[in-house]
Asks: 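Have a look at this one.
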Amino acid sequence: LLMHLFIFFFPQNGTEKFWDFLRTHDSVSILIFNTSRQCFVVVKQFRPAVYMCEVERHHPELFQNHDKESLSRVEDPLPAVVGVTYELCAGIVDKPDLSLEEIACEEILEECGYRVPVANLRKITSYRSGVGVTGSRQTLFYAEVTDQMRTGEGGGQPEEGELIEVVEIPLEDSMKFAYDETLPKTMGVIFSFMWFQNNIAPKLPKK
């Protein structure tokens, strides 16, 4: 993931201010709903930044002196699971010859194993993510899949350092899952599940 660090100087109410920010790629994310089994398809992966935030919460003394050596020698390291988060299938926009929809379809195949035609994607909205640090744009899509459309296991691309677990969330449990704070997740998961309840769920066949 290519990122560049900048310092932005600007006047605000007569005061000169500055702000550090990272310039990185825009991205796409996809809410995937498997109609064969009435479940959402999301991914789990280890996020080092989330893990280190948990380390700081449990061992704040390690961060007081910004000592890199002490951080690498934690006597009682936390289990890796504290850095694992539930997320939507997503990817960066780094292929100028492909449309956002084509990139989204590639990510669905790579991460979750479903082959989805571009025409099957529905754009939900776009928004700014990481506004305090990056300000990049993310575009959110919705895709319905069936068991027959799954052609692989997913899991991402190991050669790019990805280690992704595909997880299915039953529709009937989705809102409980969204608000369960013991299951670390991104805001994209919560928002998209709510969007589904408002826009798709009322149109589903009644059981």
Side-chain angles (χ1 to χ4, degrees), residues 1-8 10 17-32 40-94 107 110-112 124-140 154-169 173-195:
L1 180 59
L2 182 61
M3 293 186 289
H4 298 284
L5 175 64
F6 296 91
I7 302 177
F8 176 44
F10 60 100
K17 293 194 170 187
F18 69 92
W19 194 266
D20 297 334
F21 72 96
L22 293 173
R23 182 68 190 101
T24 186
H25 292 290
D26 291 341
S27 60
V28 296
S29 60
I30 311 96
L31 172 63
I32 304 171
F40 295 105
V41 181
V42 300
V43 298
K44 280 173 63 177
Q45 55 186 321
F46 176 78
R47 294 297 191 179
V50 174
Y51 181 82
M52 292 309 295
C53 284
E54 286 299 303
V55 171
E56 183 179 19
R57 188 165 69 88
H58 287 83
H59 301 286
E61 72 281 358
L62 298 177
F63 290 78
Q64 292 174 356
N65 299 320
H66 301 284
D67 184 354
K68 294 181 180 179
E69 290 189 6
S70 64
L71 287 176
S72 64
R73 295 196 310 268
V74 179
E75 293 182 1
D76 185 23
L78 299 178
V81 69
V82 303
V84 173
T85 60
Y86 293 85
E87 307 171 17
L88 296 178
C89 172
I92 61 174
V93 177
D94 61 349
E107 293 298 334
E110 291 175 4
E111 293 191 357
C112 300
I124 298 177
T125 189
S126 63
Y127 43 83
R128 296 290 179 176
S129 61
V131 293
V133 180
T134 68
S136 59
R137 181 185 297 275
Q138 184 167 87
T139 303
L140 174 62
Q157 296 184 322
E159 65 273 16
E160 294 183 5
E162 293 181 325
L163 182 58
I164 293 171
E165 178 184 349
V166 182
V167 179
E168 295 181 345
I169 310 296
D173 300 330
S174 59
M175 293 316 297
K176 179 181 178 181
F177 172 86
Y179 287 106
D180 187 344
E181 294 184 5
T182 67
L183 301 170
K185 66 190 69 68
T186 62
M187 179 55 70
V189 171
I190 299 173
F191 168 76
S192 61
F193 282 13
M194 294 176 65
W195 174 89

Asks: Could you work out, with salt bridge (Lys or Arg N to Asp or Glu O under 4.0 Å) as the rule, every residue matching Arg47, not counting sequence neighbours?
Replies: Glu87
Asks: Measure across Ser126 and Thr139 and return the closest heavy-atom pair with its distance rounded to 0.1 Å.
Replies: CB-OG1, 3.7 Å
Asks: Of all the heavy-atom pairs spanning Ile169 and Ser174, show the shortest one and how long it is.
Replies: CG2-CA, 4.0 Å
Asks: Ring centroid separation for Phe177 and Phe40, is it under 6.0 angstrom?
Replies: no
Asks: Who are the side-chain contact (heavy atoms from CB on, under 4.5 Å) partners of Tyr127, not counting sequence neighbours?
Replies: Ser29, Thr125, Gln138, Leu140
Asks: Could you give the distance from CG (Leu88) to CD (Glu107), rounded to the nearest 0.5 Å?
Replies: 12.5 Å
Asks: Using every non-hydrogen atom in the two residues, find where Tyr86 and Val189 come nearest and quote the distance to one decimal.
Replies: O-CG2, 3.8 Å
Asks: Do you know which two heavy atoms are closest between Val41 and Cys112, and how far apart they sit?
Replies: CG1-SG, 4.0 Å
Asks: Give the minimum heavy-atom separation between Glu111 and Val166, together with the two atoms involved.
Replies: O-CG2, 3.2 Å
Asks: Output all residues satisfying side-chain contact (heavy atoms from CB on, under 4.5 Å) with Pro79, sequence neighbours left out; order by chain, then residue number.
Replies: Val81, Val82
Asks: Check whether any side-chain heavy atom of Lys176 sits under 4.5 Å from a side-chain heavy atom of Asp180, and report yes or no.
Replies: no
Asks: Who are the side-chain contact (heavy atoms from CB on, under 4.5 Å) partners of Asp173, not counting sequence neighbours?
Replies: Pro170
Asks: Of all heavy-atom pairs between Ser192 and Leu31, which one has the smallest distance, and what is that distance?
Replies: O-CD2, 3.4 Å
Asks: For Glu165, check salt bridge (Lys or Arg N to Asp or Glu O under 4.0 Å) against everything at least two apart and list the hits.
Replies: Lys44
Asks: Could you work out, with ring pair (Phe, Tyr, Trp, His ring centres under 6.0 Å) as the rule, every residue matching Phe191, not counting sequence neighbours?
Replies: none
